Protein chains: 2
Amino acid sequence: MAPPPMYQQIAEDLRRQIESGELEPGRQLPTELELRETHDASRNTVRDAIKRLISLGLVETKPGQGTFVTRKIDPFVTVLTPTDEGETGLGGGEGAIYLSQVKRQKRTPKVSGLKVEIQTAPAEIRNRLGLSEGDQVVLRHEERFIDGIRWSLQTSYYPLSFVTDGHASRLQTAQNIQEGTVRYLEDVMGLKQTSYQDWITARSPNDGEQKFFSIAHDGTVFEIFRTAYDQTGMPIRVTVTIFPADRNQFIVNVGRPADLGTPELDTPDLGKDAK
Amino acid sequence: MAPPPMYQQIAEDLRRQIESGELEPGRQLPTELELRETHDASRNTVRDAIKRLISLGLVETKPGQGTFVTRKIDPFVTVLTPTDEGETGLGGGEGAIYLSQVKRQKRTPKVSGLKVEIQTAPAEIRNRLGLSEGDQVVLRHEERFIDGIRWSLQTSYYPLSFVTDGHASRLQTAQNIQEGTVRYLEDVMGLKQTSYQDWITARSPNDGEQKFFSIAHDGTVFEIFRTAYDQTGMPIRVTVTIFPADRNQFIVNVGRPADLGTPELDTPDLGKDAK
DNA sequence: TAATATTTGTACGTATGTATT
DNA sequence: AAATACATACGTACAAATATT
């Protein structure tokens, strides 16, 4: 039996120390030069070990300062199914995706950096909205925070015809639509949002996402496409939301109004050692 | 302005060639020694570039053979909400999570390696099932394939009391329960599954998952906890399923029986350049 | 079967650059 | 300005896996 390579052994050793709490979150690891001596390895080998810990999300490095054990963020839990059966696909925001009420009521979501553009619809959006090649869309982009933490990036796409033919002119103004776009579209165009479909994927972040969320290039983000339909089954909006996987989880409730408890919501290490 | 480091430039250069189709899936990249010469860099620098491409999932290396452009797997799409309103939380399998009917009918799911154990319930399971510390659970573990491709790993947990007090003895036999455990529990214990809750997270694979799915150590898996409840609101099962993110996507339908189209399901590069 | 060539993996050493204290 | 710590980049050597002769 070949023994595991040295850099893996060093990584394992450090991982054990971190997960046992010996090295608590926020604390600095020994420097590369120190680890070089304590483990009797070259600096490059030590660095290989640290790279593994980075890709596991256990540590982060800061040039000129050191390597630190990652502080875990108490995860945001988003319920993808409506919490209130009264609202059919529901209310506010950018037609969006809602923060769990459970134990989140003390948290304060904020939105900033609203940007509005008009573009030729990219294929993914065009197909979901049932448009033709070359058709244009109105695009409303937001940065979303919770308690000051960067939570998600959201972009909603509407057919440009809503503005040109449907008189929903406020869609293209870079102002928040206070009553919510769902309500607004119903008021001015008679479009009722009666259903939606969420499409959930995961991938690596692009450069912009990497910077905005301060995550590693080999981290993970959820990408959720929400397509909303009116009473006739016509798609009226596509909302694409990016959530970094290190601080976001999702819940889907089926078969009940869903005020069921959410076990372990407090526990920071949920899912750590699941096998 | 500092130029980007050389290994990133080399990675970008190769990425461009891959995404433009110049280097098609399955094809071998130039060897490290060749890249060393074409890019006038050291072998280690070339290797750093390739590591980035690996973590983006664009290439994979095979010792002794070479580096190859990843063949993308046509993603499996799983619908988390019931496709048939008639069934309340629904039928077969291990009480499980169901494969989309859409365009998947030609695909053949297979299950193998059924393993049954009795364990003290780990905290995550215990809390979800409403058990006390030290309580035991019956654990049914399966490896699941689609068209021969490793699709997911699933483990279902039931309170041991179902076997000792409830006479659901077949739970602890390593045999498939043909009619489905949902039906079986209803027959022998009168437990009707009327609702469930899915809890969706993403994380790095552990060693076993890494090997089973042949994914990189810095890849991503979805981990979905499905807690099923009976008519009284009592939790009767927790099913934990691991899905590698490179070949799995999920859909949640709200507000309609949901036979809506699934745009782009055929398109292999869904979500590639979404921004 | 055995030897050989090719290709990636691990490990070392060194030098220099950049960010922070 | 100097010291510290991580980042990039080069070079070398040998091991391990695979394919070929």
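Basis for what follows: all heavy atoms, side chains included, without hydrogens, waters or symmetry-related copies. Per chain, numbering begins at 1; letters A, B, ... match sequence-line order. Every value quoted in this text rests on a predicted model; they were computed, and no experiment measured them.
With rounding to whole Å, B/Leu33 atom CG is found 10 Å from C/dT8 atom C1'. Per the geometry, CZ belonging to B/Arg47 stands 7 Å off P belonging to C/dT10, to the nearest Å. Separating the CG atom of A/Leu29 from the C1' atom of D/dA5 is a distance of 13 Å, rounded to the nearest angstrom. Counting to the nearest Å, the C1' atom of D/dA17 and the CD atom of B/Glu60 are 16 Å from each other. A straight line from CD1 of B/Ile50 to C1' of C/dG9 spans 12 Å, rounded to a whole angstrom. Across the protein-nucleic acid pair, B/Ile54 atom CD1 and C/dG9 atom C1' stand 11 Å apart, rounded to whole Å. One interatomic measurement links the two molecules: CG of A/Leu35 to P of C/dA11, which rounds to 15 Å at whole-angstrom precision. Atom C1' of nucleotide D/dA16 and atom CD of B/Glu32 are separated by 14 Å, given to the nearest angstrom.
For the residue pair A/Gly57 and A/Thr70, the shortest heavy atom distance occurs at O-OG1, 3.1 Å.
Using a 4.5 Å cut-off on side-chain heavy atoms (C-beta onward), B/Val240 and B/Ile125 make contact. Residues B/Ile215 and B/Arg247 have side chains in contact (heavy-atom distance under 4.5 Å, counting atoms from C-beta outward).
Both distances falling under 3.5 Å, in either a Watson-Crick or a G-U wobble arrangement, occur for no nucleotide opposite D/dA1.
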I'd like a table of atom pairs between the protein and nucleotides 12-15 of chain C - only N or O on both sides, under 3.5 Å - with the distance next to each one.
from	atom 1	to	atom 2	distance (Å)
C/dC12	OP2	A/Ser42	N	2.9
C/dC12	OP2	A/Ser42	OG	3.3
C/dC12	OP2	A/Thr45	OG1	2.4
C/dC12	N4	A/Asn44	ND2	3.4
C/dG13	O6	A/Asn44	ND2	2.7

Could you run down the sub-3.5 Å N/O contacts of the protein with nucleotides 18-20 of chain D?
from	atom 1	to	atom 2	distance (Å)
D/dA19	OP1	B/Gln65	OE1	3.4

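Proximity of a side-chain donor or acceptor of B/Gln8 to a complementary backbone N or O of B/Pro5 within less than 3.5 Å is not detected. Formation of a donor-acceptor pair under 3.5 Å by the A/Gln28 side chain with backbone atoms of A/Gln65 is found in this model. Of the possible polar contacts, none joining the B/Asp13 side chain to the B/Gln9 backbone as a donor-acceptor pair under 3.5 Å is found. Side chain of A/Asp147 to main chain of A/Ile149: no donor-acceptor pair is present (N/O by atom type, distance under 3.5 Å, no hydrogens or angles).
B/Ser152 and B/Arg144 share a side-chain donor-acceptor pair at under 3.5 Å.
Note: B/Phe243 and B/Phe76 fail the aromatic proximity criterion, with ring centroids not under 6.0 Å apart.
Close to D/dC6, at under 4.0 Å from its OP1 or OP2, lies a side-chain N or O of A/Thr67.
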